[in-house]
There are 2 protein chains.
Amino acid sequence: MIDAAGLRVMRAIAQEGSFTAAAAALGYTQPAISQMVRRLEQRTGTVLVERTGRSVRLTEAGRVLARHADPVLSALDAAEEEVAAIAGLRSGRVRLMAFPSASATLVPRALALVKERFPDVTIGFTEAEPPESLAALRAGECDLAVAFAYEGTDVARGEQDLDGLVITPLLEDEVRLAVPRSHPVADRETVPLADLAGDPWIAGCPRCRGHLVQLASGAGFRPDVAYETEDYVAVMGLVAEGLGVALIPDLILRTVHHEDVVALPIEPASRRTITAVTTDDLSRVPAVAATLEALAASAAGQSRAPTTRMPEPAWSI
Amino acid sequence: MIDAAGLRVMRAIAQEGSFTAAAAALGYTQPAISQMVRRLEQRTGTVLVERTGRSVRLTEAGRVLARHADPVLSALDAAEEEVAAIAGLRSGRVRLMAFPSASATLVPRALALVKERFPDVTIGFTEAEPPESLAALRAGECDLAVAFAYEGTDVARGEQDLDGLVITPLLEDEVRLAVPRSHPVADRETVPLADLAGDPWIAGCPRCRGHLVQLASGAGFRPDVAYETEDYVAVMGLVAEGLGVALIPDLILRTVHHEDVVALPIEPASRRTITAVTTDDLSRVPAVAATLEALAASAAGQSRAPTTRMPEPAWSI
DNA sequence: ACCATCCTATAAGGCGGCGTTATCCACCGG
DNA sequence: CCGGTGGATAACGCCGCCTTATAGGATGGT
């Protein structure tokens, strides 16, 4: 019945003392004010303005409206400003989830980038394996997930799970074979997986284990999984002790080293694609988009020579 | 940019959890909500609602709007309610001015009537002689004035002073001659004013004195004004002591008595008309209209020769 | 796996709110 | 008496906002 525009007009009249001045103050023409007041009066069923020839005076009811204008309009402005702050990245909060090995370098770098460009955008971060983070995304408990998919598979299995989701590839991560320095294949340039058919294996997270089994099956054997752990530091320790061999994503090797372990390219090569996933709607939320962009930038700075294979002293321990 | 309607919609969505439910809650159809949200989104330049197939979820910006809805809308409701209270006579304040002798009975009775029917309407009351009260009315310092005009003259002299003013006759007040009981004319039914040409006179307020002079001049003499006082009790005392004669409105005589004074009709009869005066705008303010009506009712109950007519309550815009 | 159901999006149409310009009228001061 | 200022009114156009009708997509039960 009464809206903000009406209050604004009444306040202007109270302040300026005439319809014409109020119109000028609001950027309207005088008849606009005249009609607005009349509409307000017939809506409220009361006289709001006393017309006294030369100027106008508010009646009691008119003063009531003028008096209420300030709180209402300033609250409205505050709301608008808050939204504008979010839209303008002067505010905003992103709930980010990433799988553990992405947390090491890719994510911190992205967080730093966002903080640098938009100091007032805050990012909440939770570690989670891809299936879990995608579920959180669907449940609305997360705005942006960093996930990965091994070559040939998709981030989310099942085609229909994908729609409504925006999937941005961040980088290609080569899967390498970690063996102890003393292992017979340690000197090889590349290793066919079949050569490790007889070795005990160390598997990581369920999906990684699945990937291992799949690769091995392609190479014609079923891996003998001796140990399972999701902790790559532990994996390296186990490998170093000669207790088994393992597949380790290249990304991990940049932060987890062990001098007694070498990481070799395998044959045929296998990669996983690290992606950022969000929903269609959320991808248009400025803070989310900014974070996504930062992740891409972080990934671009991190990829060495994505698909090519490289001689590698530095990170193969 | 953002208005109350938008906030109401966002709040409803937040509360109800879906567009359809929000529409139902607000009495709209679903597409109305859908479009409203879209408009808000393009105005703010941000995504406000995350569409997740089964239901919708607000984004951070959306929650900001929903959160601001309560204060704004309740302030708006409060304003509306306050105005409605004034319109519905559950509130309101009338600044009333009346000349002293009206204050005696006519006004108190009217005040009582208003208080009885509309306990929450408050009436501020100030005594003032007609010219003064009309000036206050024009100056906006008064909403309703009780004034009087002697027969043949007008409440406000000058024709043009009258427009914009609403003048309601309340009652006709006969002017009588007060003489001491011992005065030679005290037994007469009516007294030609000329018979008092030789007596000393006691005059009241300037206008009353003017009226006296005018009447006397009509009767062919110039009154010898021995005393002047606006206090009718004093007038009665002076008359009782035989210090002079006076013209006294009938209305006064109902409250001011003196056993040694008789009040006689004069010849030719003279009356003053007691009127309520307000502005055109103010006459449509409910509290003012109610007071005006009460004054008329009070006058009707008081008039001996009910030559007055009730004013029509005019509180439609 | 299909179908019924529920939700949202979109199109098209109508009405009214709200602004504009043009014009008139009342009041006021020189 | 006249010019300036301020308000009211009329006529008009736009667009906001609601409606109905309909399509598309996700869900959940059998």
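The chains referred to below are lettered A, B, ... by the order of the sequence lines, with proteins before strands, and numbering in each begins at 1.
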Contact under 4.0 Å: B/Arg43 side-chain N or O vs D/dC17 OP1/OP2: yes
Interatomic distance, A/Asp280 CG vs D/dA26 P [rounded to whole Å]: 12 Å
Sugar-phosphate, base or nothing in reach of B/Thr29, heavy atoms under 4.0 Å: base
Sugar-phosphate only, base, or nothing, as touched by A/Arg38 at under 4.0 Å among non-hydrogen atoms: sugar-phosphate
Between C/dA11 (P) and B/Gln30 (CD): distance, integer Å: 14 Å
Atom-to-atom span, CD of A/Glu50 to C1' of D/dG7 - whole angstrom: 15 Å
Side chains of B/Arg138 and A/Thr52 in contact at under 4.5 Å (non-hydrogen atoms): no
Spacing of B/Asp3 atom CG relative to C/dG17 atom P, expressed in whole Å: 15 Å
Toward the 5' end of DNA chain C, by each residue's nearest nucleotide, A/Arg39 or B/Ala21: B/Ala21
Any B/Arg57 side-chain nitrogen or oxygen under 4.0 Å from OP1 or OP2 of C/dT8: no
Atom-pair distance (CD1 on A/Ile33; C1' on D/dT5), nearest Å: 17 Å
B/Ser34 vs C/dT8: side-chain N/O to OP1/OP2 distance below 4.0 Å: no
Atom pair distance, as rounded to whole Å: CE in B/Met36 and P in C/dT8: 16 Å
Sugar-phosphate only, base, or nothing, as touched by B/Ser18 at under 4.0 Å among non-hydrogen atoms: sugar-phosphate
4.5 Å side-chain heavy-atom contact, B/Leu144 and B/Arg95: no
Criterion side chain to side chain contact (heavy atoms under 4.5 Å, CB included) against A/Val49, the qualifying member of A/Leu58, A/Leu40, A/Ile33: A/Leu58
Interatomic distance, B/Tyr28 OH vs D/dT19 C1' [rounded to whole Å]: 12 Å
Mutual orientation of the aromatic rings belonging to A/Phe99 and A/Phe148 [parallel < 30°, tilted 30-60°, perpendicular > 60°]: perpendicular
Minimum-distance pair of heavy atoms, taken over all atoms of A/Ala79 and B/His68: CB-CG, 3.4 Å
Any donor-acceptor N/O pair, B/Ser133 side chain to B/Met97 backbone, under 3.5 Å: no
Divergence of helical axes at both termini of the helix from C/dA1-D/dT30 to C/dG30-D/dC1 - five pairs an end, 10° steps: 30°
Polar side chain donor-acceptor pair, B/Glu172 to B/Thr273, under 3.5 angstrom: yes
Check: B/Gln35 side chain, C/dA9 base, donor-acceptor under 3.5 Å: no
Rounded distance (Å) that lies between atom P of D/dA8 and atom CG of A/Leu40: 13 Å
side-chain N/O B/Arg51 vs C/dC7 OP1/OP2, d < 4.0 Å: no
